[in-house]
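Okay, structure first, notes after.
Just so we're clear, the structure is a prediction, and the values are computed from it rather than from any experiment. Here is how names work: the chains are called A, B, and so on, in the same order as the sequence lines, proteins then strands, and each is numbered from 1. Excluded from the calculations below are hydrogen atoms, water molecules and symmetry mates; all remaining heavy atoms, backbone and side chain alike, are included.
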Amino acid sequence: MSEDILKNEKLAKLEWWKSQGIEPYGRKFKRELIASLTPERKDPVSIAGRIMTIRRHGKAAFCDIMDQSGKIQVYFKKDIIGDVLFERFKNLDVGDIIGLKGELFVTHTGQLTVLVKDFTILSKIIGTLPEKWHGLKDVEIKYRKRYLDLIVNPQTQNVFATRTKIINLMRNFLGQLGFVEVETPMMHPIPGGAEAKPFITHHNALDMDLYLRIAPELYLKKLLVGGMEKVYEINRSFRNEGISTLHNPEFTMLELYSAYGDYQEMMELTEKLILHIVKNLFDTLEIDYGETKINFQPPWKKIYWEDCWKNLGIENWRDITQVKQKFADLRLDTEGKEDLFALLDLLFKRTIEPELIDPTFIIKFPVETSPLAKTCPDDPTMVERFELYIAGLEIANAYSELNDPVEQKKRFIEEIQRPTERPKVIDEDYIEALEYGMPPAGGLGIGIDRLVMILTNSSSIRDVILFPLLRPKQ
RNA sequence: GGGCCGUUAGCUCAACUGGCAGAGCAGGGCACUCUUAAUGCCAAGGCUGGAGGUUCGAUUCCUCCACGGCCUACCA
């Protein structure tokens, strides 16, 4: 059956409704939530929702009506609603949105059902819903037409309800600790706060190029200078890089800063925050993720970054020949990389990262990889920083914030001297802010999309973003 | 950007080594006033993602293109 024919049949029904003097796209309808209905209810009920199935039996029919709270069976009976309404009922389709009034009863098979007394059409479907039994499986259609996915796949509703819950749990946890939620610019004159290729846009009136933010970090720390001591932003950031099961060009992070704290405090906070979420979502601290089980039981494992290399048998990770030798020993391809940190990063990804299933903090990183972090008091070549890994995914990144403006400027200069596709500009505005004195602070970033992936057992970031970026069809 | 795989009816899927493209659901008609993947009967629905090529003959083999998936690269 071609799509046009199906559509024309629906359009004919639409015309039928109009010919009866009924507007098939209705207005406000006073209704109660389907999930609130219980068998004890004796008085008339009023509900609205989408028709998901119709089982016609000549002069009667059963339908399932779904609203966001749930689904209930309703019973249309000709000798109850009369000839006129029953004729209207015949011109309803699966997918139509209706409002109805009736009384609850329980069928012979024990199912709570609304005996319809009156109903009205609120929105006529013209398209055709995907099949009721198998649902919508084609991932391309799921992403492009997320509304269809949401209508027919209850699991999808679940994932996004959980996503919202996670973010709400973050907000109430942080609120209780006295953190203030703020909003900072998403259009930056100079991209900063992370090492990533930015998107460029243009402001006409000011005739200036702007960059979509790659991270809110520098603005949030200006707020620390201003005396806002505990701030966070649940931020959409944008990175002009590849797309994968772990990367969407726009993604959501939690970034927070706590004055007079440090990375140790951030580690405790991270553990408590994620445990707060896990405990509220599940009855257990052990959850399934794909084929593996993740155990969130605290305290979480802590491994020094430097020890990762010792454990691999690399005596001195700064010796690039030892690092290259390890690649050779493990028969791993260096993929043409020559830079020490690029090689270490790759080796970490190949050998260590996949093993970090239960939440694990990797602690203290080389200063070269962390231009915004404070160095360790006992070792100026390393910084007070950690990354949190769960299920082999990098979930969080935090450090003791560098608040020395002179040191910061030096680091920026070193940074732009390394090869990068970013504009070679130092954010003097940020340096100037530091010159007015930023309190020592701990800062933390958590990848919300990835955390949601883990807590909803999703294998692709696209499954936790309502409208992931796809190339336009045709 | 590279490699591999996929694309068949509105949806979910078949079609062996090249031989008339098939089913369930949805939609249409008929019957049916407690069904719930309702049931029974009838009819319809396709340029097999697009463009070329090989062949008597292509959903099937080859080339190119489009879109997607996985891996990989880029990536704090």
Side-chain angles (χ1 to χ4, degrees), chain A residues 1-10 12-13 52-64 71-81 86 93-95 105-113 115 125-145 148-149 151-153 193-197 214-215 217 239-247 249 251 253 333 335-337 341-342 345-346 348-350 362 365-366 368-373 383 385-387 394 396-399 415 420-422 445 447 459-460 462 468 470-474:
Chain A
M1 181 74 71
S2 84
E3 200 164 3
D4 285 347
I5 293 172
L6 289 171
K7 193 172 189 175
N8 285 336
E9 284 170 358
K10 296 274 176 50
K13 287 183 185 172
M52 297 309 289
T53 57
I54 302 178
R55 296 177 288 280
R56 299 180 193 271
H57 294 265
K59 297 184 180 64
F62 290 93
C63 297
D64 293 315
K71 210 194 284 194
I72 194 166
Q73 176 169 269
V74 304
Y75 190 28
F76 291 88
K77 223 177 165 193
K78 191 173 185 178
D79 56 15
I80 299 282
I81 58 176
F86 200 75
D93 287 298
V94 168
F105 74 103
V106 176
T107 63
H108 297 158
T109 51
Q111 174 142 11
L112 185 63
T113 302
L115 179 63
I125 192 169
I126 301 301
T128 304
L129 289 183
E131 198 211 358
K132 59 184 173 186
W133 189 241
H134 297 91
L136 182 61
K137 289 191 173 170
D138 184 322
V139 290
E140 190 172 348
I141 303 177
K142 275 164 68 83
Y143 299 151
R144 287 190 198 279
K145 306 187 181 180
L148 292 181
D149 188 25
I151 292 168
V152 300
N153 293 330
E195 183 66 47
K197 285 175 225 156
I214 54 176
E217 174 155 356
R239 297 186 182 179
N240 201 343
E241 281 149 14
I243 296 175
S244 78
T245 49
L246 297 177
H247 300 84
F251 64 104
M253 265 195 298
D333 185 5
E335 299 170 15
K337 290 187 168 52
F341 294 103
D345 194 48
L346 184 63
F348 185 88
K349 199 153 93 179
R350 292 280 178 271
I362 303 295
F365 288 77
E368 291 89 337
T369 63
S370 316
L372 295 159
V383 294
R385 171 181 171 189
F386 73 80
E387 288 181 345
E394 185 192 334
N397 181 17
Y399 33 84
E415 192 189 7
T420 170
E421 293 187 44
R422 274 181 50 196
S459 59
S460 169
R462 270 161 261 150
L470 297 185
R471 209 185 282 266
K473 197 89 173 164
Q474 283 163 343

**OP:** Any chance you could lay out the salt bridge (charged side-chain N to carboxylate O under 4.0 Å, His left out) test for A/Glu140 and A/Arg144, step after step, and finish with the verdict?
**Re:** CA-CA 6 Å; A/Glu140 190 172 348; A/Arg144 287 190 198 279; 3.1 Å; yes
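The minimum heavy-atom distance between A/Met253 and A/Ile214, with the atom names listed, is CE-O, 4.3 Å.
Ring pair A/Tyr75/A/Phe62 is parallel by interplanar angle, where below 30° counts as parallel and above 60° as perpendicular.
In this structure, A/Lys78 places its NZ atom where more than 12 heavy-atom neighbours from other residues, nucleotides or ligands lie under 6.0 Å away.
Two residues, A/Glu241 and A/Ser459, neighbour RNA chain B, and the one matched to the more 5' nucleotide by heavy-atom proximity is A/Ser459. Mapping A/Pro130 and A/Gly110 onto RNA chain B via the closest heavy atom, the residue that lands nearer the 5' end is A/Pro130.
With both ends at atom P, the span from B/rG46 to B/rG6 equals 26 Å, rounded to whole Å. B/rG40 and B/rG53 have their C1' atoms separated by 50 Å, with the value rounded to a whole Å. With C1' as the reference atom, B/rC13 and B/rU48 are 14 Å apart, rounded to whole Å. Taking atom C1' in both B/rA44 and B/rU7, one finds a spacing of 26 Å when rounded to whole Å. One C1' atom belongs to B/rU8, the other to B/rG24, and the distance between them is 15 Å to the nearest Å. If you take atom C1' in B/rA73 and the same atom in B/rG2, they sit 8 Å apart, rounded to whole Å. Between B/rA26 and B/rC20, the two C1' atoms lie 27 Å apart (nearest whole Å). Comparing the P positions of B/rA23 and B/rC61 gives a spacing of 24 Å, expressed to the nearest Å.
Listed nucleotides B/rA38, B/rC11, B/rG10 differ in distance to A/Glu3; the shortest reach to its side chain belongs to B/rG10. Distance from the side chain of A/Tyr143 is smallest for B/rG69 among the nucleotides B/rG69, B/rA76, B/rA38. Minimum atom distance to the side chain of A/Glu195 is reached by B/rA76, of the listed B/rC71, B/rC74, B/rA76. Considering only side-chain atoms of A/Trp133, the nucleotide from B/rA37, B/rA76, B/rC74 that sits closest is B/rA37. With B/rC11, B/rC67, B/rU72 as the candidates, the nucleotide lying closest to the side chain of A/Ile141 is B/rC11. Nearest nucleotide to the side chain of A/Arg462, out of B/rA76, B/rG10, B/rC70: B/rC70.
When each of A/Lys142, A/Arg462, A/Lys137 is checked for a salt bridge (Lys or Arg N to Asp or Glu O under 4.0 Å) with A/Asp149, only A/Lys142 meets the rule.
When side chains are defined from C-beta on, A/Lys132 does not count as touching A/Val152, because their heavy atoms never get closer than 4.5 Å. A/Ile141 places none of its side-chain heavy atoms less than 4.5 Å from the side chain of A/Tyr143. Put simply, the side chain of A/Cys63 does not reach to within 4.5 Å of the side chain of A/Thr53, judged on heavy atoms. At a threshold of 4.5 Å between non-hydrogen side-chain atoms, the residues A/Leu148 and A/Leu129 count as touching. Residues A/Thr107 and A/Gln73 form a side-chain contact, since some pair of their non-hydrogen atoms from C-beta on lies under 4.5 Å apart. Residues A/Arg385 and A/Glu387 meet the side-chain proximity criterion, which asks for heavy atoms closer than 4.5 Å.
We find that CD1 of A/Ile125 is positioned 11 Å from C1' of B/rG10, with the value rounded to whole Å. Taking atom CG of A/Leu346 as the reference point, atom C1' of B/rC74 lies 12 Å away to the nearest angstrom. As rounded to whole Å, 14 Å separates atom C1' of B/rC30 from atom CZ of A/Arg56. For the pair A/Met253 CE and B/rA76 P, the interatomic distance rounds to 12 Å; values are reported in whole Å. Atom NZ in A/Lys137 sits roughly 17 Å away from atom C1' in B/rG10 (whole-Å rounding). A/Lys10 has its NZ atom 13 Å from the P atom of B/rC11, to the nearest Å. Following rounding to the nearest Å, A/Ile243 (CD1) and B/rU72 (P) show an atom-to-atom distance of 16 Å. At whole-Å resolution of the value, CD1 in A/Ile5 and C1' in B/rA43 are 13 Å apart.
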Original post:
Using Watson-Crick and G-U wobble pairs whose two distances are both under 3.5 Å, how do you write the pairing of RNA chain B as dot-bracket, with | for links to another strand?
Top reply: (((((((..((((.....[..))))..((((.......))))......(((((..]....))))))))))))....
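At the phosphate of B/rG46, neither OP1 nor OP2 sits under 4.0 Å from any side-chain N or O atom of A/Ser2. Remark: A/Lys132 is in phosphate contact with B/rA26, judged by side-chain N or O atoms under 4.0 Å from OP1 or OP2. Of the side-chain N and O atoms in A/Arg471, none sit less than 4.0 angstrom from OP1 or OP2 of B/rC65. The side chain of A/Arg144 contributes an N or O atom lying less than 4.0 Å from OP1 or OP2 of B/rG68.
Heavy atoms of A/Gly135 sit under 4.0 angstrom from primed sugar atoms or phosphate atoms, though from no base atom. Residue contacts shown for A/Lys13 are limited to sugar-phosphate atoms, with no base heavy atom under 4.0 Å away. A/Leu136 comes within 4.0 angstrom of the backbone, heavy atoms only, and of no base. Residue-level contact check: A/Leu148 touches neither bases nor backbone, having no heavy atom under 4.0 Å from any strand. Here A/Ser370 lies out of heavy-atom contact (under 4.0 Å) with every strand.
When the salt bridge (Lys or Arg N to Asp or Glu O under 4.0 Å) test is applied to A/Asp93, the partners found at least two apart in sequence or on another chain are A/Lys13, A/Lys124.
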Under 3.5 Å, which N/O atoms of the protein pair with N/O atoms of nucleotides 33-35 of chain B?
residue: B/rU33; atom: OP2; partner: A/Lys59; partner atom: N; Å: 3.4
residue: B/rU33; atom: N3; partner: A/Asp79; partner atom: OD2; Å: 3.1
residue: B/rU33; atom: O4; partner: A/Asp79; partner atom: OD2; Å: 3.2
residue: B/rC34; atom: O2'; partner: A/His108; partner atom: ND1; Å: 3.3
residue: B/rC34; atom: O2; partner: A/His108; partner atom: N; Å: 2.9
residue: B/rU35; atom: O4'; partner: A/His57; partner atom: NE2; Å: 3.4
residue: B/rU35; atom: O2; partner: A/Arg55; partner atom: NE; Å: 2.8
residue: B/rU35; atom: O2; partner: A/Arg55; partner atom: NH2; Å: 3.3
residue: B/rU35; atom: O2; partner: A/Gln73; partner atom: OE1; Å: 3.1
residue: B/rU35; atom: N3; partner: A/Gln73; partner atom: OE1; Å: 2.8
residue: B/rU35; atom: N3; partner: A/Gln73; partner atom: NE2; Å: 2.9
residue: B/rU35; atom: O4; partner: A/Gln73; partner atom: NE2; Å: 2.8
residue: B/rU35; atom: O4; partner: A/Thr107; partner atom: OG1; Å: 3.2

